[in-house]
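Report on the structure given below.
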Amino acid sequence: MKILFLNDSSLLSHGLASGFSSVDEIRYLPVRLPDWEARLTDLLKVWKPNFAFADGVSISTVFGKLFPLLRRRSLPLIYWAIDDPPDWHRMSRTLARGASLVLTPAQDCLPLYQREKVRALYFHFACNPAFHRPTEPLPAYICDLLLVANYYTAYPQRRLGVETILTPLRTGPFHLKVFGNENWLENEDNYTLLPEIYQGYLPYEQLPCAYSSAKIVLGLHSVIDSPTMMSMRTFEALGCQAFFLTHWSPAIENIFKNHVHLVWSRHPDETLELVRFYLSREDLRRKIARQGQEEVYLKHTYQNRIKSVRTFLEKL
């Protein structure tokens, strides 16, 4: 198959692309480029991909031009709705109408697409064992607690995760490092971190090294009421054999086992108890981290994901 990605994000280049086989051809053409229309027209004439692939918001500002162009060339579009379910009404519903197939990490959105007469399949985030794997620690990332996440208020449910996981730890006697956007230093909520805690932006290429350098990796989720949707960082951290502590959600409990693959907390006080306990038990941290990696390498790789939908892709 010839697959044209309309974005070159790390999620695609370091993640999803690894799920295709060595005989598949992949090219990237980000539609944010000023000359994307001309370049896309040339690719469709010369290279002739089997389908185009877009994720998240990558096409949300250009779909008015993109959809007619793809229709004229009879090129199917696969839309990975990575912002479901909170953005289904605002974005996914509109973009799905121009797609031949929608992939969603939120099983609870499948009836919504069915109601719109849009073909949709369940397709979650995963890890790439060739990239999401343990590495040698680096002094710049060594710490007790590490969080790699942006601060934003677009999803109200994310604030619950912040209050459950981060708030009880940001003033505690722990060596905490937070990487993400600069909103951690200034935002409308006045929820800020001390300069010594906030470490700036972390290049995605450094993610495995950062995860391998921390005793405990923290996780935040923007959705806490979906049976399947969770942060992609969950699969990536476990792939890197990190000891992962996050807040409870039905999705986390449905897919992983507490104190076996990872650890979850339901309350700020419980977060403190869990951190104090596991910082003193390196043996248990290593055991759970190893079991978590084994679980995602067995069930949650992008090769698994593509295999589950490949028949549908080939029919396109």
Side-chain angles (χ1 to χ4, degrees), residues 7-15 30-34 55-62 82-83 86-87 90-91 125 131-132 135 137-224 229-237 240 242 244-247 249 265 268 271 275:
N7 192 1
D8 60 356
S9 67
S10 299
L11 175 60
L12 299 183
S13 60
H14 289 294
V31 291
R32 66 178 181 275
L33 298 177
D55 70 294
V57 299
S58 61
I59 60 172
S60 60
T61 60
V62 301
I82 62 174
D83 297 298
D87 281 348
R90 183 182 67 86
M91 183 172 60
F125 303 115
F131 179 79
H132 301 112
T135 70
L138 272 184
Y141 302 129
I142 290 176
C143 58
D144 293 332
L145 309 169
L146 173 72
L147 173 65
V148 180
N150 290 328
Y151 185 91
Y152 50 84
T153 57
Y155 305 124
Q157 294 182 1
R158 189 177 181 87
R159 185 58 186 262
L160 178 62
V162 171
E163 294 296 342
T164 302
I165 294 296
L166 186 60
T167 297
L169 304 175
R170 63 175 177 164
T171 57
F174 311 109
H175 187 193
L176 168 65
K177 293 185 176 184
V178 176
F179 290 86
N181 60 15
E182 292 186 352
N183 290 347
W184 284 113
L185 297 178
E186 184 177 356
N187 53 67
E188 297 177 355
D189 303 323
N190 294 318
Y191 187 99
T192 56
L193 300 174
L194 296 174
E196 57 266 30
I197 292 177
Y198 176 66
Q199 304 292 305
Y201 174 77
L202 180 74
Y204 192 84
E205 290 73 18
Q206 292 295 307
L207 193 70
C209 186
Y211 282 165
S212 299
S213 303
K215 294 178 181 177
I216 297 177
V217 171
L218 306 174
L220 298 178
H221 309 281
S222 299
V223 178
I224 59 173
M229 180 57 168
M230 68 180 72
S231 169
M232 65 183 181
R233 298 283 190 233
T234 307
F235 302 99
E236 297 171 348
C240 294
F244 193 65
L245 169 63
T246 188
H247 51 103
S249 74
S265 170
T271 298
V275 166

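For this chain, numbers begin at 1 and follow the sequence in order. Keep in mind the model is a prediction, meaning the values are calculated, not measured.
- A pairwise comparison of heavy atoms in Leu138 and Gln206 identifies CD1-OE1, 4.1 Å as the closest pair.
- A pairwise comparison of heavy atoms in Cys240 and Pro208 identifies SG-CA, 3.6 Å as the closest pair.
- Summarising the geometry of Val223 relative to Pro86, their closest heavy-atom pair is CG2-CD, 3.7 Å, with the distance given to 0.1 Å.
- For residues 178-207, the salt bridge (Lys or Arg N to Asp or Glu O under 4.0 Å) pairs, not counting sequence neighbours, are Arg159-Asp189.
- Residues Thr192 and Leu185 are not in side-chain contact: their nearest non-hydrogen atoms beyond the backbone lie 4.5 Å or more apart.
- The shortest side-chain heavy-atom distance between Leu207 and Arg233 falls under the 4.5 Å cut-off.
- The main-chain N or O of Ile224 is found under 3.5 Å from a side-chain atom of Gln157 such that the two form a donor-acceptor pair.
- The minimum heavy-atom distance between Leu146 and Cys143, with the atom names listed, is CB-SG, 3.8 Å.
- Taking 4.5 Å as the limit, some side-chain heavy atom of Val178 sits within range of a side-chain heavy atom of Trp184.
- Side-chain contact check for Ser265 versus Ile165: some heavy-atom pair is nearer than 4.5 Å.
- Here the CE-OG distance, from Met232 to Ser10, works out to 8.0 Å after rounding to the nearest 0.5 Å.
- Of the possible donor and acceptor atoms, none in the side chain of Asn183 sits under 3.5 Å from a partner among the backbone N and O of Tyr152.
- Panel note: side chain Asn187, backbone Asn190; a donor-acceptor pair is recorded below 3.5 Å.
- With hydrogens and angles ignored, the 3.5 Å screen pairs a side-chain donor or acceptor of Thr271 with a backbone N or O of Thr164.
- The shortest distance between side-chain heavy atoms of Thr246 and Leu220 does not fall below 4.5 Å.
- Distance check, rounded to the nearest 0.5 Å: CG of Leu169 to CG of Leu218 gives 6.0 Å.
- With contacts defined as side-chain heavy-atom distances shorter than 4.5 Å, the pair Asp83/Tyr155 qualifies.
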Would Leu193 and Leu166 count as a side-chain contact (heavy atoms from CB on, under 4.5 Å) here? Give the steps.
CA-CA 10 Å; Leu193 300 174; Leu166 186 60; 4.1 Å; yes
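- Listed by chain and residue number, Tyr211, Val217, Ala242, Phe244 satisfy the side-chain contact (heavy atoms from CB on, under 4.5 Å) test with Ala237 (two or more places apart in sequence, or in another chain).
- The shortest side-chain heavy-atom distance between Leu160 and His247 does not fall under the 4.5 Å cut-off.
- Residues forming a side-chain contact (heavy atoms from CB on, under 4.5 Å) with Ser9 (at least two apart in sequence, or on another chain): Asn7, Leu11, Leu12, Asp55.
- Applying the ring-ring contact (aromatic ring centres under 6.0 Å, His included) test to Tyr204 and every residue at least two apart in sequence or in another chain returns His14, Phe131.
- Contact of the Ile82 side chain with the Phe125 side chain is registered, since non-hydrogen atoms from C-beta on lie closer than 4.5 Å.
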Would Tyr141 and Ser212 count as a side chain to side chain donor-acceptor pair (under 3.5 Å) here? Give the steps.
CA-CA 9 Å; Tyr141 302 129; Ser212 299; over 6 Å; no
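- Among residues at least two apart or in separate chains, side-chain hydrogen bond (donor to acceptor under 3.5 Å, both in side chains) pairs with a member in residues 165-181 are Glu163-Thr167, Thr167-Tyr191.
- Between the side chain of His221 and the backbone N or O of Ser231 there is at least one donor-acceptor pair closer than 3.5 Å.
- The CG atom of Leu147 lies 12.5 Å from the CD1 atom of Ile216; values are rounded to the nearest 0.5 Å.
- Thr61 is linked by a side-chain contact (heavy atoms from CB on, under 4.5 Å) to nothing, counting only residues two or more places apart in sequence or in another chain.
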